[in-house]
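The model shown is predicted, which means the values in this text are computed figures rather than measured ones. Here is how names work: the chains are called A, B, and so on, in the same order as the sequence lines, proteins then strands, and each is numbered from 1.
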Amino acid sequence: MRSSTLIPKPNHFDYHKCLQVLGDNDFECLHFKENGTIVKALSKGGHPFAFRISEENEGLKLDLLNGRSNYLAVAIFYVREWFDMDRDLKPFYGLLNENPKLSFLLEHFEGLRLMGIPDLFEALCWSILGQQINLSFAAKLKRRLVENYGERLEVEGKIHYLFPRPEALAPLDPEALRPLQISQRKAEYLIGISRLFLEGKISKQHLEGIGDAEAVQETLLKIRGIGLWTANYVMMKSLLLPNAIPYGDSGLNSALYRLELTNKRPTKEEVDAIFEPFDGWKSYLTRYLWRSLSLNT
DNA sequence: TTCCAGGCAGTAG
DNA sequence: CTACTGCATGGA
């Protein structure tokens with residue numbers, strides 16, 4: 001009975017650069033970082049379990065911390081998506097190299113992966129919580145939501161949480177989330193989307209089956225609470241679509257402004273013009289531009 | 001104090 | 001179609 005496995009690293013894969021964008025333990029409530037390893041809980045068939053990710057020379061090692069060995073397959077599938085391990089970044093790096101104003105991104109961040117949110121419901125809820133407010137406050141709201149409505153799992157003396165399932169939020173009255181300092185409007189969005197998931201009117205599988213990115217965006221935009229920014233955010237972070245741009249994103253705008261590529265509030269058309277040469281890699285360019293905000297000046 | 005944060009829907013013109 | 005407004009709170 002195996003309780004660990006190794007996922008081989010693709011080319012251009014830097015575990016520590018990926019780790020840096022995951023957020024510290026006080027910010028993030030859905031995993032722990034410990035000495036360069038990550039501990040996270042997932043669920044298989046309603047049974048929560050936890051596993052640890054650590055780096056080895058040849059790949060990422062996954063160790064189950066509890067539960068049955070057949071949970072490993074769930075963890076492997078999750079980590080491959082989370083770290084976007086099934087993509088060859090070479091074409092992206094070719095495009096960056098050709099661009100004098102952006103090639104510095106490659107020098108700093110080669111090996112950084114998209115770092116998605118594989119669970120579509122979690123990605124939608126997180127992006128709604130993050131609308132308009134600063135990230136640290138958004139993280140507090142997420143933590144309160146998770147600690148109040150997510151499943152708990154204790155492993156090795158630590159409490160792990162799973163993101164709440166739609167079933168946990170769907171029955172709520174929006175006012176029930178006000179004590180968490182989630183706005184009435186956002187509570188309505190979250191609960192409405194929970195109900196759509198329960199009714200089977202949204203699912204990751206369905207969106208993945210659409211194929212055409214334009215049609216996926218149209219589908220998402222019909223949902224109350226999802227605008228252009230949120231639709232593209234989840235297309236990038238959860239569906240791993242290659243050309244999603246979170247138009248209007250304040251972080252993206254300030255990254256472009258700092259590079260003197262735009263004014264402070266560029267239009268969609270101005271952003272499109274900058275991204276146009278990066279067809280197939282617009283989501284990655286967004287990730288790398290976000291990351292550039294951490295560089296000095 | 002005012003303004004802005006990883007926006008959105010609703011309304012008015 | 002575009003312009004404006006309230007929402008929630010915290011930090012600069």
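A salt bridge is defined here as a Lys NZ or Arg NE, NH1 or NH2 lying under 4.0 Å from an Asp or Glu carboxylate O, and A/Lys158 with A/Glu34 meets this definition. A/Arg143 has no carboxylate O lying under 4.0 Å from a charged side-chain N of A/Glu28, or vice versa, which leaves the two without a salt bridge.
Without hydrogens or angle criteria, A/Gln131 side chain to A/Gly225 main chain gives a donor-acceptor distance under 3.5 Å. With hydrogens and angles ignored, the 3.5 Å screen pairs no side-chain donor or acceptor of A/Asp24 with any backbone N or O of A/Phe27.
For the pair A/Asn232 CG and B/dG7 C1', the computed distance is 13 Å after rounding to whole Å. Across the protein-nucleic acid pair, A/Tyr257 atom OH and B/dC4 atom P stand 13 Å apart, rounded to whole Å. Distance CH2 (A/Trp229) to C1' (B/dA5): 11 Å, rounded to an integer number of Å. Computed from coordinates, the A/Ile223 CD1 to B/dG7 C1' distance equals 16 Å when rounded to whole Å. The CG-P distance, from A/Leu129 to B/dA5, rounds to 19 Å in whole Å. A/Gln217 has its CD atom 11 Å from the P atom of B/dC8, to the nearest Å.
Taking atom P in both B/dG10 and C/dA8, the straight-line distance is 14 Å, to the nearest Å. Comparing the P positions of B/dT2 and C/dT5 gives a spacing of 15 Å, expressed to the nearest Å. Between C/dC4 and B/dC3, the distance separating the two P atoms is 15 Å to the nearest Å.
Mapping A/Arg265 and A/Arg224 onto DNA chain B by nearest heavy atom places A/Arg265 at the nucleotide closer to the 5' end. Comparing A/Arg287 and A/Ile226 along DNA chain B, the residue whose closest nucleotide (by nearest heavy atom) sits nearer the 5' end is A/Arg287.
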Which pairs, protein N/O on one side and nucleotides 4-11 of chain C N/O on the other, fall under 3.5 Å?
| from | atom 1 | to | atom 2 | distance (Å) |
| --- | --- | --- | --- | --- |
| C/dG6 | N2 | A/Arg185 | NH1 | 3.1 |
| C/dA8 | OP1 | A/Gln184 | N | 2.1 |
| C/dA8 | OP1 | A/Arg185 | N | 3.1 |

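At a threshold of 4.0 angstrom between heavy atoms, the contacts of A/Ile128 with the nucleic acid are absent.
Between the side chains of A/Glu110 and A/His12, at least one donor N or O sits under 3.5 Å from an acceptor N or O.
In this structure, A/Tyr149 has its ring center no closer than 6.0 Å to that of A/Phe163.
When the side-chain nitrogen and oxygen atoms of A/Thr230 are compared with OP1 and OP2 of B/dC8, one or more of them lie within a distance under 4.0 Å.
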### Query
Taking it one step at a time, do A/Arg52 and A/Asp63 satisfy salt bridge (Lys or Arg N to Asp or Glu O under 4.0 Å)?
CA-CA 5 Å; A/Arg52 181 186 303 276; A/Asp63 292 289; 5.9 Å; no
